[in-house]
Asks: 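To start, I am sharing the structure in question, which I have written as structure tokens.
Note that the coordinates shown come from a computational prediction; the quantities given were computed from them, not determined experimentally. In each ligand, atom 1 is the first atom listed, and ligand 1 is the first ligand listed.
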Amino acid sequence: MADQPNAWGDFPRLHDKYPDLGTGPVPTEPYHSQAHFELERDLIFRKSWLIVGRVEEIPNPGDYLAMDIEVARSAILIVRGRDGEVGAFYNQCSHRGSKVVRSGTGSCKLFQCPFHGWIYNLDGSLRGIPDEKGYFDLDKAGLSLTPLAADVWSGFIFVNFDPQPAESLSEFLGAFGTDIGDYPFGAFADNMAEWRVELNCNWKIFKDAFQEGFHLPFLHHRTLGGIYSNSSNPFNYVLDCKLYPRHHSMSQPGADRPIEPTGLMKIARDFGAPEAQHAASLQANEDHAFSYTPGTNWTRNPRWDVDLHAIFPNITMNTFAAGRYLINIIWPLSLDRTLWIARSYSPKPRTAGERFSFEFNKVFLRDILIEDGSTVEGTHAAIRSGAKQTMPLHEQEIMVRHDRKVIEDHVGFYRDREAPRG
Ligand code: FES
Ligand SMILES: [Fe+2]
């Protein structure tokens, strides 16, 4: 243990690794400015690769996902083509603009618009038009569904609203994609719990809540108290962080003296799969010195419990040592409305005990997520006054600081004027 990098009690000063990031207060205006939000819409959400689903959701040719992406003012359609490849289109009929399919999931051999019956192939090409002779000089080859850039990384389907994306998905993800890409995301695809919540807050306020673990001893003391922090690590410091050009990761240890679970938590741990042990408390165990990929537990610390990742612009993800992961897909609906989609993936229960454990952990996670959601609306209601123009950030809030910088680099809100300095 003594030879472990970042061993227990040896927490690194995160900002020392990234001196160019600075340490000053950051402006609050980007959380409540409509002008800033419009720049985010045009220069981030209409230019970046965005996760819209997983390949397991559309396993067979003809399977599709249709959804509205409010921040891009678009309805989109993700389709598994006859060739097995994933494609994406605007879900907008070339006739008078009706959605070709209603939002949701489904499977079909062809798409037929419900309004006047135009028919499209799975590759988006126009196949047929009822009463075609009644139209004038149609160029059918030019009336396909409008394609959208789409690509897949580790089973996650991304789209990009830029007609000519400046970067490929692989370039956009960069070293982060290489470091995390081999995590077994697909192994848990058949056992997912999902929550969808609309929140009255700016999307960045919500995202920030998942970009640091420093709040655990306070906001989560009823649920996670003692599991991560105790007198040895009272403020839940992390083992290390990695800042990529746009994305970032933190590696989080469990407590050095695990609490002894009682009641249902004890039953869940005793009879459940490994994730039950996580929920109850991870025992210090040399097995946890392992890593799934170069981007998980990269300090190889035996007390590693979970990594916190953020994929720019609107994804946070937790990869747990106990073999499961949580992803938050954070969609801005407007400046002050956010759709939060939380998906928790874990191994499918094989026994009644594992089933009990799974259900317990689902409820346990729900309670933690409710705690996370509980502050964000109040924060937005308070911060929008502009009474405080800046906020100081803690050493452990480096991913929040990095995110503010990356967003400013994209939108240039303060490029031609001075940012408030507190
Ligand atoms: S709008 Fe689709 S067929 Fe008319
Ligand atoms: Fe939290």
Asks: Using 30° and 60° as the class limits, which term best fits the ring planes of Trp153 and Phe156: parallel, tilted or perpendicular?
Replies: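 Taking Phe156 first and then Trp153, their aromatic rings lie parallel (interplane angle under 30°).
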Asks: Tell me which N, O or S atom from His220 is the closest to the Fe ion (ligand 2).
Replies: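 Looking at His220, the N, O or S atom with the least distance to the Fe ion (ligand 2) is NE2.
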Asks: Do the side-chain N and O atoms of Asp131 and His116 include a donor-acceptor pair separated by under 3.5 angstrom?
Replies: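 Per modelled atom types, Asp131 and His116 side chains form no pair under 3.5 Å.
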Asks: Between Asp367 and Thr223, do the side chains contain an N or O donor and an N or O acceptor separated by less than 3.5 Å?
Replies: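 Per modelled atom types, Asp367 and Thr223 side chains form no pair under 3.5 Å.
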Asks: Taking the inter-plane angle between the rings of Phe312 and Phe172 on a 0 to 90° scale, is it parallel (under 30°), tilted (30 to 60°) or perpendicular (over 60°)?
Replies: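 The rings of Phe312 and Phe172 sit tilted, inter-plane angle from 30° to 60°.
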Asks: Between the side chains of Lys362 and Glu359, is the shortest nitrogen-to-carboxylate-oxygen separation below 4.0 Å, so that they form an ion pair?
Replies: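 Here Glu359 pairs with Lys362 in a salt bridge, since their nearest N and O are under 4.0 Å apart.
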Asks: Return all protein N, O or S atoms below 2.8 Å from atom 4 (Fe) of ligand 1, chain by chain in residue order.
Replies: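 Near atom 4 (Fe) of ligand 1, below 2.8 Å, one finds His95 ND1, His116 ND1.
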Asks: Give me the atom names and distance for the closest heavy-atom approach of Pro349 to Phe358.
Replies: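 Answer, listing the atom of Pro349 first, then Phe358: CG-CB, 3.8 Å.
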Asks: Would you call the rings of His394 and Phe214 parallel, tilted or perpendicular, where under 30° means parallel and over 60° means perpendicular?
Replies: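 Aromatic pair His394/Phe214 classed parallel.
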Asks: Is Glu371 close enough to the Fe ion (ligand 2) that one of its N, O or S atoms comes in under 2.8 Å?
Replies: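 Given the 2.8 Å cut-off, Glu371 does not count as a ligand of the Fe ion (ligand 2).
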Asks: If I consider every N, O or S atom in Asp372, which one ends up closest to the Fe ion (ligand 2)? I only need its name.
Replies: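 In Asp372, the heteroatom (N, O or S) nearest the Fe ion (ligand 2) is OD1.
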Asks: Going by an N to O cut-off under 4.0 Å, is there a salt bridge joining Arg246 and Asp409?
Replies: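 Salt bridge absent between Arg246 and Asp409.
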Asks: As a test of reading the structure, name the N/O/S atom of His215 that is nearest the Fe ion (ligand 2).
Replies: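 Looking at His215, the N, O or S atom with the least distance to the Fe ion (ligand 2) is NE2.
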